[in-house]
Amino acid sequence: MKTSWRSASLVAGAAAVLALTTACGQDGGAAGTSQNVGATAAPGDVGDLGTGTGTSAGAGTGAGGAPGNAPEPAGKLSVSPNAEIGALVTDGAGRTLYRFDADTAKPPKTTCENDCATAWPPVAANDAIAGEGIDEDLLGEVTRPDGTKQLTIGGWPAYRYAKDTAAGDVKGQGVGKKWYALAADGKKAKAEPAAGLSTREDPKLGEIVVDGNGMTVYRFLKDEAWPKPVSACTGACLEKWPVVAPVRANDTEGVEKKGLMSFTRPDGAAQQTVDCWPIYTFARDKKPGDTNGQGVGGTWYAVKPDGKPVGAPKK
């Protein structure tokens, strides 16, 4: 195996939610044979599930002319970010690499053969190069039952997924609850927890505040902020407009810290504010990026980083 590398560190952290109360206006925290990826044989359902019990090895010619029974070379490995999965290892062509729970790392052992290897082509150990973010000491190889050498990362045999047809695809993530994208240390890739509050650039609304799940945050014009936060959304209103739970000031990104605090509602629940204004999400926003609550009833508006409502009519 040829190796050359530059070291890079991956930072992972998790922030705990904590409710703190401060006065408005103050700065303070709130709360068989292998099949390569270019083969013409379609992956079977058995292989997708990763049982390794299939009988068909598949045939064809891999990318770059590699024979159908030989793993495709890895090329220069690198670490690529993925918002949902986290930092994961990709090959020289940008294809995601995976690990199989039925394999072992100590000692390295592959259990994916025949139909399984058609759906999950093993990555060849030869010519693997440690690129940015990859520690060459964690790269190794394991001899497959057919005698070919398969790349290992942190001891785990590495595979591609035949249904990943383009660089950046992660269609193999979680298949059969046994297949997962590889992190640089050989563990399963895992996304870092998002900040409790952060901002994103919306193509229509500009920079707006989102919660830890990336959901748009809103303000209710009937609420009050001074001299203390007061929510006018109660009862059935809360079913459509769930309150944002308190977060710590150091668990935010891009949101102004002044007036960033939590308060206790009359029902005893704690709610986060931005610039002392109570904030909410909208039940009809189903995924990050949705802004279905914008302008509802002429009283609900997305929130700017300074707490002001986006697009609200001027008084």
Side-chain angles (χ1 to χ4, degrees), residues 1-5 7-10 12 32-37 43 46-55 57-58 62 66-79 85-92 95-131 133-162 164 170 172-190:
M1 181 188 307
K2 297 189 295 184
T3 58
S4 65
W5 62 284
S7 62
S9 60
L10 298 176
T33 55
S34 305
Q35 177 77 26
N36 67 31
V37 75
V46 174
D48 286 355
L49 293 175
T51 62
T53 58
T55 58
N69 63 350
E72 184 181 344
K76 187 175 182 178
L77 305 178
S78 59
V79 176
I85 299 176
L88 50 81
V89 179
T90 53
D91 66 10
R95 303 286 291 277
T96 302
L97 301 190
Y98 299 89
R99 49 172 278 181
F100 183 29
D101 280 355
D103 289 348
T104 60
K106 297 180 180 180
K109 181 181 179 181
T110 175
T111 60
C112 180
E113 304 177 57
N114 303 318
D115 282 353
C116 175
T118 301
W120 300 92
V123 179
N126 62 303
D127 285 336
I129 300 173
I134 304 295
D135 185 348
E136 66 174 344
D137 291 336
L138 294 180
L139 302 183
E141 61 183 37
V142 62
T143 302
R144 296 180 54 78
D146 63 0
T148 59
K149 303 293 185 180
Q150 182 176 357
L151 174 70
T152 63
I153 300 177
W156 287 95
Y159 306 82
R160 298 179 183 87
Y161 186 41
D164 283 352
V170 288
Q173 178 70 3
V175 168
K177 296 183 179 180
K178 294 181 179 180
W179 291 92
Y180 298 94
L182 270 164
D185 58 1
K187 296 179 181 179
K188 299 174 185 178
K190 184 178 180 181

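Positions are given from 1 along the sequence. Worth knowing before you read on, the calculation uses all heavy atoms, side chains too, and leaves out hydrogens, waters and symmetry mates.
The minimum heavy-atom distance between Ala117 and Pro122, with the atom names listed, is O-CD, 4.0 Å. Scanning both residues, Gln173 and Ala181, for their nearest heavy atoms gives OE1-N, 2.8 Å. Across Ala105 and Gly154, no two heavy atoms sit closer than the pair CB-O, 3.8 Å. Ala128 approaches Leu151 most closely through the heavy-atom pair CB-CD1, 3.9 Å. Minimum heavy-atom separation, Ala189 to Leu88: CB-CB, 4.1 Å. Here the closest non-hydrogen pair linking Asn126 and Pro73 is O-CB, 4.1 Å.
Formation of a donor-acceptor pair under 3.5 Å by the Arg99 side chain with backbone atoms of Ala183 is not found in this model. Arg95 places a side-chain N or O within donor-acceptor distance of the main-chain N or O of Asp164, the cut-off being under 3.5 Å. Put simply, the side chain of Asp103 gets close to the backbone of Thr111: a donor and an acceptor are under 3.5 Å apart. Under the 3.5 Å distance criterion, the side-chain polar atoms of Gln150 are left unmatched by any main-chain donor or acceptor of Val142.
For the side-chain contact (heavy atoms from CB on, under 4.5 Å) with Pro108, the qualifying choice from Thr152, Ile153, Thr143 is Thr152, the only one to do so.
A parallel orientation is assigned to the rings of Trp179 and Phe100, their planes being inclined by less than 30° (bins at 30° and 60°).
Going from atom NZ of Lys76 over to atom CD1 of Ile134 covers 11.0 Å, rounded to the nearest 0.5 Å. Here the CH2-NZ distance, from Trp156 to Lys109, works out to 12.0 Å after rounding to the nearest 0.5 Å. From Ser78, atom OG reaches atom CD1 of Ile129 across 11.5 Å, with rounding to the nearest 0.5 Å. Atom CG of residue Leu77 and atom CG of residue Leu182 lie 10.0 Å apart, to the nearest 0.5 angstrom.
When ring centroids are compared, Tyr98 and Trp120 come within the 6.0 Å threshold.
Contact check for Lys188 versus Asp101: side-chain heavy atoms found under the 4.5 Å cut-off.
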Chi angles and distances behind the side chain to side chain contact (heavy atoms under 4.5 Å, CB included) call for Leu97, Val123: CA-CA 8 Å; Leu97 301 190; Val123 179; 3.7 Å; yes
